[in-house]
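Here's the structure, in structure tokens; my notes come after.
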There are 2 protein chains.
Amino acid sequence: MLNAIDKHMLRTVAGMHDIPQGAYNIRKNGAGISRNTTANIEIRTKEDKPGIDIIVKPGTKGESVHIPVILTAEGLEDLVYNTFDIGEGADVLVVAGCGIHNPGDMNARHDGIHNFIVRKGARVRYVEKHYGEGTGQGQKILNPKTIVELEEDAFAEMELVQISGVDNTKRDTEARLHKNAHLLLTERMLTDGNQFAESKVQVELLGQDSSVRIISRSVGRDNSRQIFYPRVVGLNRCRGHVQCDSIIMHEAQISSIPAIAAHHADAQLIHEAAIGKIAGEQLIKLMSMGLSESEAEETILKGFLK
Amino acid sequence: MLNAIDKHMLRTVAGMHDIPQGAYNIRKNGAGISRNTTANIEIRTKEDKPGIDIIVKPGTKGESVHIPVILTAEGLEDLVYNTFDIGEGADVLVVAGCGIHNPGDMNARHDGIHNFIVRKGARVRYVEKHYGEGTGQGQKILNPKTIVELEEDAFAEMELVQISGVDNTKRDTEARLHKNAHLLLTERMLTDGNQFAESKVQVELLGQDSSVRIISRSVGRDNSRQIFYPRVVGLNRCRGHVQCDSIIMHEAQISSIPAIAAHHADAQLIHEAAIGKIAGEQLIKLMSMGLSESEAEETILKGFLK
């Protein structure tokens, strides 16, 4: 059922070399094509709109869910709503990449709206990789929206990665943290050519002793443009730390427009952002070890985005 | 001509214990009341609108201009346009405080629009202190707008301070830096009660090797609110560094919404912001030396805003 291109895309966006262990749902060109559930992880097709509900039983530990989406035809507009209900005390991994292989001159687009409810004391690690490729003129467009509710003592680690080949993206991430909930959000992005990327992150620290750390790393090459809007609002005794680093090259344009807002005297919020080119010393060091300038650049960028 | 309140206000906002040396122009309740010019610094009343032109001859070194404004009556709305033309190679100090003593229940408001042209190789140090006081219910409102053009090799050091007692302020600062021009902008602000303060700073680094450093320090007490929008755009090989630190107390709300935008691969831009309460260790240290908690707080805040 999976052809060579499908397998290549699944490997790239979800690290799948084979059918994964545990629960999974594979979506191709707008329809589910393969699914597995386990005793602890249920996957139900939504009845009111496209998408699935992933229900993780309370106390489930060490299991994973893979829900990759691939588009391999031009002219598609795929919209999907996925809801994750991570039961109390569970500890699971969710892998949710999206890859577009666009062979033609018409655009291909996927909008994924992901809703997370991470219940009391639960932990989730979420990995989302976005990738585009294709030989035609058709754009590869990916607009993910991720909404996260972290209940008391919940923890989420979210890794949002745009590897390459995505012509246009508007990323939108919202999180609401309750008492003693913690969120670690890392975002990594590479744009080149004429690509455009916008990323908005809005975190509300509602509960006492909640905390968030946002780490954003990006590389802008060629004529690409990137805009980042990380926003953290502290409404209780809480901590927030936002760190954005970007490497700018060629004719690229990068803007970082963060916001930290303290609405409570015990909110401690920090933001750091830096935009600059590759450090000259690093280049020279690698070139003195025998690498060409472009090899040295690639090595530095890979390390930066790892 | 100057009464006790006038003298107190002039001392507070412009450090004037007497008539200052050098050029000056004192404005009270919407009219100029005293002026002095020098061989090198001319002050002309504008003909088309309220305000003055301050013209500093090329090469003028070590001279100063004091142009304080005071309002000592309720119900006033004073609007003034001042233009500073700092001649090539000059090196001068400009002191431009504004103080409102509002004895009544009607508002008193001053809007100062300051235009700086700092010509090739010239240096200017600009100090602006804002202060309000008064026993009635009338608000003290100060809305400064400062527009700075730094020509090649020019340097400006600008110190914008809101000491206390200003109920409502919207600060707006714009700067355009040409080749090898440098700007050091420090802003210090204290709000308490129900005060509101908004500060926008927009710096465009147009010229090669231009640089800006923005240092903002603020303290928000009681129910006051502060919003900061520092923005640096790099359009050439340039450096920008924005550093915002705020101490939040009581029911205050503070937001820091910076923007750094690199439109050139050799633009290096950095932003750092932190909002938090007074460090507990600092308080304990001072209290162990015999200070009461509120004395210790005052000492720390003074040091922070100095």
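Each chain gets a letter, A, B and so on, in the order its sequence line appears, and its residues count up from 1.
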* **A/Q137, CD: over 12 other non-hydrogen atoms inside 6.0 angstrom** => no

* To do: Examine whether an atom of A/A262 lies under 4.5 Å from a heavy atom of chain B, and if so say whether it belongs to the side chain, the backbone or both; otherwise answer neither.
  => both

* Using a cut-off of under 4.5 Å on heavy-atom pairs, state which of B/A259, B/P258, B/A261 scores highest against chain A. => B/P258

* Verdict with reasoning, B/E272 to A/H271, per side-chain contact (heavy atoms from CB on, under 4.5 Å) -> CA-CA 5 Å; B/E272 304 166 75; A/H271 177 268; over 6 Å; no

* Asked: Just checking heavy atoms, which of residues 218-250 of chain A are less than 4.5 Å from chain B?
  -> A/R231, A/I248, A/M249, A/H250

* To do: Could you tell me which residues in residues 274-293 of chain A have at least one non-hydrogen atom under 4.5 Å from a non-hydrogen atom of chain B, sorted by residue number?
  => A/A274, A/I275, A/G276, A/K277

* Picking from A/L269, A/I270, A/I260, what satisfies side chain to side chain contact (heavy atoms under 4.5 Å, CB included) with B/S256? -> A/I260

* **Gap separating the CD atom of B/E251 from the NE2 atom of A/H263, nearest 0.5 angstrom** => 12.5 Å

